[in-house]
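Single-structure report; data block below.
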Amino acid sequence: MTHLWVRAEQRPNEERVGLTPEGAAALIKAGLRVTVERSSVRAIPIDGYIAAGCEIAEENLWPKAPADAIIFGLKELPEDGTPLTHRHIMFGHAYKGQPAGRVLLQRFKAGGGTLYDLEYLVNETGRRVAAFGYWAGYAGAAVSLKCWAAQQRGEIAGPVRQYASKAELLDDLRAEMAAMLRPRAIVIGALGRVGTGASDLCAALDVAVTKWDMAETASGGPFPEVLQHEIFLNCILASPGCPVFVPASAKTDARKLTVIGDIACDPTSEFSPIKVYDRVTDWDAPALRVASDPVLDVTAIDNLPSLLPVESSQDYAAQLLPSLATLGDLTSGVWGRAQAQFLRHSADL
């Protein structure tokens, strides 16, 4: 029997989960064994999983799970260097040259485990079967506007927090921006899931948006238009051939741009299209000031959907559930393709 073990998230400010109680009930009905760890932070309470018929384990017990269990989480594992013996479903951030990613792959090699990276679960045409993209865009635009609003007060943005719903988030932003003239934003990648979420947030707050996608960036740059907007929201993943949208010279160039929301958030990749910063920001300090005359802040939080943990979890889990139902065959379909990516990127360790 295929055994799916849903681990508790151990990263700060991470309340999401990739399987809802309703989804767990469906998997159990289909013949899977489902274990869910208790969690002190998960946005969806454990009671629903108990009612669905899941087995319940204590928090962070996954290293002692049966050898045949498939461990399912979202964000990073503790960076303790221990060999990884299980099969893991998670966002590994390991295939684009990230230093931490190479360490993760070495842990899998040492333990004989396998990574099924959620970012690389794709269908026959190469499209991801599930993504948090819309909510990353929505929350990333919200944090970017908070950074801009703080600048209008002569400050730098303070800590951000989770919201029970997008309605609560919008009410908070409307109150913060009540007496302010609205900025103009440019969204690159506007036709994708991330860009759609970013554009929708801006529209809800009456922020004018210039929407760019592949057609507008096909020339390869430079793109001086980006600097003529107060806010730039990058929704394009770093990948080979990605053009540079904000060069290093933007720190001192004449510009109206004061906030960059790097929602794609991959600053350590050599393919990053934003060359004015080199590290992610976090919930306690969401803005990184990279220039002061004129001011330029970058926000680059890599778990943005966690600002809206319930809605983003429900949406993502619904997208992923059909693939989880096929876990009985890890050699073909989305799982076979994900395993092939793991083997290819592990080959040169």
Side-chain angles (χ1 to χ4, degrees), residues 4-20 35-46 49 57-65 70-84 86-96 98-108 113 115-121 130-133 135-136 138-140 142-143 159-164 194 262-269 279-288 299-317 320:
L4 182 66
W5 183 294
V6 181
R7 61 178 170 86
E9 297 294 331
Q10 295 174 260
R11 175 180 173 155
N13 301 310
E14 186 53 80
E15 298 184 3
R16 292 175 295 167
V17 62
L19 181 69
T20 63
T35 298
V36 178
E37 291 185 355
R38 296 184 183 276
S39 171
S40 57
V41 298
R42 188 183 296 129
I44 297 177
I46 196 69
Y49 297 98
E58 292 307 307
E59 191 166 10
N60 304 329
L61 198 62
W62 62 266
K64 297 181 180 179
I70 302 169
I71 312 300
F72 178 28
L74 295 177
K75 299 302 286 185
E76 299 92 334
L77 300 171
E79 295 181 354
D80 56 13
T82 55
L84 297 171
H86 290 92
R87 294 166 294 179
H88 282 259
I89 302 170
M90 60 180 282
F91 287 105
H93 304 294
Y95 299 160
K96 298 178 183 176
Q98 303 98 322
R102 187 171 182 85
V103 173
L104 178 66
L105 292 177
Q106 288 169 336
R107 291 174 65 188
F108 276 108
L115 169 64
Y116 296 90
D117 196 312
L118 288 164
E119 187 176 341
Y120 294 86
L121 294 186
F132 281 102
W135 298 102
Y138 202 92
V143 175
V160 295
R161 63 176 177 86
Q162 284 98 349
Y163 293 86
V194 180
D262 190 5
I263 299 171
C265 191
D266 211 356
T268 62
S269 171
R279 60 190 182 276
V280 299
T281 62
D282 58 34
W283 290 50
D284 291 331
L288 173 66
T299 180
I301 296 173
D302 63 4
N303 64 334
L304 283 164
S306 292
L307 268 73
L308 295 165
V310 175
E311 287 157 306
S312 63
S313 292
Q314 291 170 339
D315 182 22
Y316 184 81
L320 186 63

Evaluate the criterion side-chain contact (heavy atoms from CB on, under 4.5 Å) for residue pair Tyr138 and Leu304; output intermediate values, then yes/no.
CA-CA 9 Å; Tyr138 202 92; Leu304 283 164; over 6 Å; no
Can you find a side-chain donor-acceptor pair between Ser306 and Arg16 that sits under 3.5 Å?
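Distance-only check passes for Ser306 and Arg16.
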Under 3.5 Å, is there a donor-acceptor pair linking the side chains of Gln98 and Thr268?
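Gln98 vs Thr268: no donor-acceptor pair found between side chains.
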For the atom pair [atom1] ([X]) and [atom2] ([Y]), what is the distance rounded to the nearest 0.5 Å?
X: Tyr163; Y: Glu311; atom1: OH; atom2: CD; result: 13.0 Å
X: Thr35; Y: Ile70; atom1: OG1; atom2: CD1; result: 11.5 Å
X: Arg161; Y: Asp284; atom1: CZ; atom2: CG; result: 14.0 Å
X: Lys64; Y: Trp5; atom1: NZ; atom2: CH2; result: 10.5 Å
X: Leu84; Y: Met90; atom1: CG; atom2: CE; result: 8.0 Å
X: Leu115; Y: Phe108; atom1: CG; atom2: CZ; result: 4.5 Å

Which one of Gln10, His88, His86 satisfies the side chain to side chain donor-acceptor pair (under 3.5 Å) criterion with Trp62?
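Option passing the side chain to side chain donor-acceptor pair (under 3.5 Å) with Trp62: Gln10.
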Step-by-step side-chain contact (heavy atoms from CB on, under 4.5 Å) determination, Arg7 to Leu77
CA-CA 10 Å; Arg7 61 178 170 86; Leu77 300 171; 3.4 Å; yes
Nearest atoms (heavy-atom pairs only) where [X] meets [Y]:
X: Leu307; Y: Ala139; value: CB-CB, 4.1 Å
X: Asp282; Y: Ala285; value: OD1-N, 2.8 Å
X: Ala43; Y: Val310; value: CB-CG2, 3.8 Å
X: Pro309; Y: Glu15; value: CG-OE1, 3.6 Å
X: Asp117; Y: Ala94; value: OD2-N, 4.5 Å

[Y] and [X], any side-chain heavy atoms less than 4.5 Å apart:
X: Val17; Y: Val36; result: no
X: Thr20; Y: Ser313; result: no
X: Asn303; Y: Lys75; result: yes

Taking everything shown except Arg279 itself, do over 12 heavy atoms lie less than 6.0 Å from its CZ?
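For Arg279, atom CZ is not crowded (no more than 12 foreign heavy atoms under 6.0 Å).
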Begin from the C-alpha positions of Leu19 and Leu4 and carry the test side-chain contact (heavy atoms from CB on, under 4.5 Å) through to its verdict.
CA-CA 10 Å; Leu19 181 69; Leu4 182 66; 4.3 Å; yes
Which residues satisfy the ring-ring contact (aromatic ring centres under 6.0 Å, His included) test with Phe132, sequence neighbours excluded?
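ring-ring contact (aromatic ring centres under 6.0 Å, His included) list for Phe132, sorted by chain: Tyr316.
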Quick one, Trp283 with Val143, criterion side-chain contact (heavy atoms from CB on, under 4.5 Å). Give me CA distance, side-chain angles, the key distance, then yes/no.
CA-CA 10 Å; Trp283 290 50; Val143 175; over 6 Å; no
Side chain [X], main chain [Y], donor-acceptor under 3.5 Å:
X: Ser312; Y: Pro305; value: yes
X: Asp302; Y: Cys265; value: no
X: Thr299; Y: Ala287; value: no

What residues, two or more places apart in sequence or in another chain, satisfy salt bridge (charged side-chain N to carboxylate O under 4.0 Å, His left out) together with Glu58?
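Once residues adjacent in sequence are excluded, the partners of Glu58 under the salt bridge (charged side-chain N to carboxylate O under 4.0 Å, His left out) criterion are Arg38.
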For Ala8, side chain to side chain contact (heavy atoms under 4.5 Å, CB included) partners two or more places apart
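Testing Ala8 for side chain to side chain contact (heavy atoms under 4.5 Å, CB included), a comparison that skips the adjacent residues, returns Glu37, Ser39, Arg42, Glu59, Asn60.
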Cationic N near anionic O, under 4.0 Å, Arg11 to Glu76:
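Yes, charged N to carboxylate O under 4.0 Å.
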